[in-house]
Visitor: 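This is the structure I want to talk about, given as structure tokens.
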Amino acid sequence: MHPARSDDHDRTIIAVEAGAVRAALRLEGLRIVPRLVSRDARSAHVALVSGGALLLPGDAVRLHVRVGAGCALHLEDIGGMVAYGGTGERSHWSVDADIEPRGTLVWSARPLVVADGARVQRATSVRLGADGVALLRETVVLGRAGERGGSLDSRLRIDRAGRPLLIDGVRVSGEAPEPGVLGDQRVLDGVVLAGIRPPAHATDARVLALDGPGALARHLGADTHSSPLHEVWPMWLDHVERHQHAPDPTPERSRA
């Protein structure tokens with residue numbers, strides 16, 4: 001058994017607000033430690049560093065992210081994450097993100113490796129304000145070298161202007177692979193763009209257009225390095241950055 005941890009110990013907070021010269025930041029966390037890489041008046045680049053072994057059985061790590069109006073936040077993982085087995089307890093990983101009007105969140109997460117015996121429950125919730133944009137990448141690997149991997153129950157929900165844009169979920173287990181889900185594959189790679197449509201491109205990835213501004217690209221494979229999403233990510237990132245720096249299309253009100 002692991003000693004009980006306080007909510008503050010397991011909670012990480014990352015918030016950015018526009019400033020006159022430099023963006024105002026709130027960076028808090030012990031299990032996941034946010035480190036400032038760079039910033040200007042309306043954007044920040046923050047690295048996420050593990051403050052210890054993650055994820056252990058019984059862990060419940062929570063990340064709260066808020067991007068202020070007209071701001072951009074780029075999150076970068078430093079190193080991947082391994083979910084460990086051992087006690088049979090479930091480990092929890094949750095992300096709750098609010099992106100205010102004209103805000104942008106970019107997060108390319110490093111692979112989550114679900115080791116033998118691990119039981120992981122992961123939930124990501126994103127709320128987009130008007131003209132808000134989110135670009136997210138999540139990669140799951142069932143098992144370390146020579147392992148079949150544990151189980152994962154993953155949920156993703158993105159709301160735009162108070163209405164659902166994407167509700168997605170997957171349950172997989174390396175110990176009991178299901179035909180039509182992962183089969184004999186062990187890598188599930190996904191990129192989600194929400195708030196704007198992606199650019200046209202030609203890759204081997206399966207791209208699903210959402211019923212609204214956004215798309216989901218997904219790939220199943222035997223390893224991470226051969227995923228076609230390595231090509232999708234930079235194209236969609238460039239598209240997001242161009243959108244971010246485009247002039248505001250809203251016409252100015254006439255001054256009578």
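This is a predicted model, so every value here is computed, not measured.
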Visitor: Run the salt-bridge test on R127 and D96 with the 4.0 Å N-O cut-off and return the result as yes or no.
Guide: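 Salt bridge between R127 and D96, a charged N being under 4.0 Å from a carboxylate O: yes.
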
Visitor: Working to the nearest 0.5 angstrom, can you tell me the gap between S125 OG and R155 CZ?
Guide: 13.5 Å

Visitor: Taking H245 for its side chain and E241 for its backbone only, find out whether a donor-acceptor pair lies under 3.5 Å.
Guide: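 Flag set: sc H245 to bb E241 pair under 3.5 Å.
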
Visitor: Using only atom types and a distance under 3.5 Å, with no angle test, would you say the side chain of H239 pairs donor to acceptor with the backbone of R197?
Guide: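 Side chain of H239 to backbone of R197: a pair is present.
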
Visitor: Would D168 and R157 pass as an ion pair if we require N to O under 4.0 Å?
Guide: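 A salt bridge is absent here (no side-chain N lies under 4.0 Å from a carboxylate O).
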
Visitor: Count I, L, V, M, F, W, Y as connected when their side-chain heavy atoms are under 4.5 Å apart, and connections chain through other members. Are L48 and I13 then in the same cluster?
Guide: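 Different hydrophobic clusters.
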
Visitor: Could you walk me through whether I158 and L128 satisfy the side chain to side chain contact (heavy atoms under 4.5 Å, CB included) test, starting with their C-alpha distance in whole Å, then the side-chain angles of each, then the deciding distance to 0.1 Å, before giving a yes or no?
Guide: CA-CA 7 Å; I158 300 178; L128 293 175; 4.1 Å; yes

Visitor: Hey, does the side chain of E100 reach the backbone of G68 with a donor-acceptor pair shorter than 3.5 angstrom?
Guide: no

Visitor: Hydrogens and angles aside, do D77 and W107 bring a side-chain donor and acceptor to less than 3.5 Å of each other?
Guide: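 A donor-acceptor contact under 3.5 Å links the two side chains.
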
Visitor: Within the 4.5 Å heavy-atom criterion, are L105 and V65 side-chain neighbours or not?
Guide: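 Yes; the side chains approach each other to less than 4.5 Å.
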
Visitor: Count I, L, V, M, F, W, Y as connected when their side-chain heavy atoms are under 4.5 Å apart, and connections chain through other members. Are L63 and V33 then in the same cluster?
Guide: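 Cluster IDs for L63 and V33 differ.
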
Visitor: Evaluate the side-chain proximity of R90 to P57: yes if any heavy-atom separation is below 4.5 Å, no if none is.
Guide: no

Visitor: Under the side chain to side chain contact (heavy atoms under 4.5 Å, CB included) criterion, do V16 and I14 qualify, and how do the steps go?
Guide: CA-CA 7 Å; V16 57; I14 305 164; over 6 Å; no

Visitor: Do the side chain of E147 and the main chain of D116 share a donor and acceptor less than 3.5 angstrom apart?
Guide: yes

Visitor: When you measure from the side chain of R186 to the backbone of L142, do you find a donor-acceptor pair of N or O atoms at a distance under 3.5 Å?
Guide: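 Flag set: sc R186 to bb L142 pair under 3.5 Å.
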
Visitor: Please report the interatomic distance CZ(R137) to CG(L193), rounded to the nearest 0.5 Å.
Guide: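 One finds 14.0 Å between CZ of R137 and CG of L193.
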
Visitor: Just wondering, do L27 and V46 contact through their side chains at under 4.5 Å, heavy atoms?
Guide: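 With C-beta onward as the side chain, the pair touches.
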
Visitor: Quick check: do V114 and L112 have side-chain heavy atoms less than 4.5 Å from each other?
Guide: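 V114 vs L112: side chains touch.
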
Visitor: Within a strict 4.5 Å, meaning less than it, do heavy atoms of the V170 and L188 side chains meet?
Guide: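 Yes, at least one pair of side-chain atoms sits under 4.5 Å.
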
Visitor: For R218 versus L229, what's the shortest heavy-atom pair and its separation?
Guide: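 Taking R218 first and L229 second, the nearest heavy atoms are C-CD1, 4.3 Å.
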
Visitor: As an exercise, state the distance from CZ of R39 to SG of C71, rounded to the nearest 0.5 Å.
Guide: 12.0 Å

Visitor: How many angstroms lie between OG1 in T139 and CG in D189, if you round to the nearest 0.5 Å?
Guide: 3.5 Å

Visitor: Mind checking whether L55 and V82 have side chains closer than 4.5 Å, heavy atoms only?
Guide: no

Visitor: Kindly compute the distance separating CZ (R144) from OH (Y84), expressed to the nearest 0.5 Å.
Guide: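 R144 CZ to Y84 OH: 6.5 Å, rounded to 0.5 Å.
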
Visitor: Does a side-chain N-to-carboxylate-O contact under 4.0 Å join R102 and D131?
Guide: no

Visitor: Can you list the steps and then say if I32 with V61 is a side chain to side chain contact (heavy atoms under 4.5 Å, CB included)?
Guide: CA-CA 8 Å; I32 300 293; V61 179; 3.9 Å; yes

Visitor: Does any non-hydrogen side-chain atom of D59 lie less than 4.5 Å from one of L54?
Guide: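 When only atoms from C-beta onward are counted, D59 and L54 do touch, with a gap below 4.5 Å.
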
Visitor: Between V49 and L75, is there a shared hydrophobic cluster once you connect ILVMFWY residues whose side-chain heavy atoms come closer than 4.5 Å?
Guide: no

Visitor: Heavy atoms, side chains only, cut-off 4.5 Å: are V106 and L237 in contact?
Guide: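 Touching, per the 4.5 Å side-chain cut-off.
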
Visitor: Can R171 and D153 be counted as an ion pair, charged N to O under 4.0 angstrom?
Guide: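 Here R171 pairs with D153 in a salt bridge, since their nearest N and O are under 4.0 Å apart.
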
Visitor: One pair to check against side chain to side chain contact (heavy atoms under 4.5 Å, CB included): V207 and L216. What are the steps and the verdict?
Guide: CA-CA 6 Å; V207 178; L216 168 64; over 6 Å; no

Visitor: Quick one: does any side-chain atom of R119 pair with a main-chain N or O of G88 as donor and acceptor, under 3.5 Å?
Guide: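 Flag set: sc R119 to bb G88 pair under 3.5 Å.
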
Visitor: Do other residues, nucleotides or ligands put more than 12 heavy atoms under 6.0 Å from D211 CG?
Guide: no

Visitor: In terms of side-chain geometry, is the basic nitrogen of E17 or R66 positioned less than 4.0 Å from the acidic oxygen of its partner?
Guide: yes

Visitor: Decide whether L73 and V37 are clustered together by the hydrophobic rule: side chain heavy atoms of Ile, Leu, Val, Met, Phe, Trp, Tyr closer than 4.5 Å, transitively.
Guide: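 In one cluster with L73: V37, no.
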
Visitor: Might you point out which heavy atoms bring Q244 and A72 nearest each other, and give the distance in Å?
Guide: NE2-CB, 3.1 Å

Visitor: After noting the C-alpha distance and the side-chain angles of H64 and R26, does the key distance pass the side-chain hydrogen bond (donor to acceptor under 3.5 Å, both in side chains) rule?
Guide: CA-CA 11 Å; H64 296 271; R26 181 183 178 187; over 6 Å; no

Visitor: Show the nearest heavy-atom pair for residues A83 and V120, with the distance to one decimal.
Guide: CB-CG2, 3.4 Å

Visitor: Mind listing the closest non-hydrogen atom pair of Q185 and G221 along with its distance?
Guide: OE1-C, 2.9 Å

Visitor: Hey, could you give me the OG/CD distance between S108 and E138, rounded to the nearest 0.5 Å?
Guide: 10.5 Å

Visitor: Out of T12, T124, L156, which one pairs with V95 under the side-chain contact (heavy atoms from CB on, under 4.5 Å) rule?
Guide: T124

Visitor: So, R163 and D159, do they make that salt bridge, N to O below 4.0 Å?
Guide: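 A salt bridge is absent here (no side-chain N lies under 4.0 Å from a carboxylate O).
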
Visitor: If I compare all heavy atoms of W233 with all of L135, which pair ends up nearest, and what's the gap?
Guide: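 Distance-wise, the nearest heavy atoms are CZ3-CG, 3.5 Å.
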
Visitor: Of all heavy-atom pairs between G212 and L165, which one has the smallest distance, and what is that distance?
Guide: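 Residues G212 and L165, closest heavy atoms: CA-CD1, 3.8 Å.
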
Visitor: Transitively linked via ILVMFWY side-chain contacts under 4.5 Å: V67 with L36?
Guide: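 Shared cluster, yes.
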
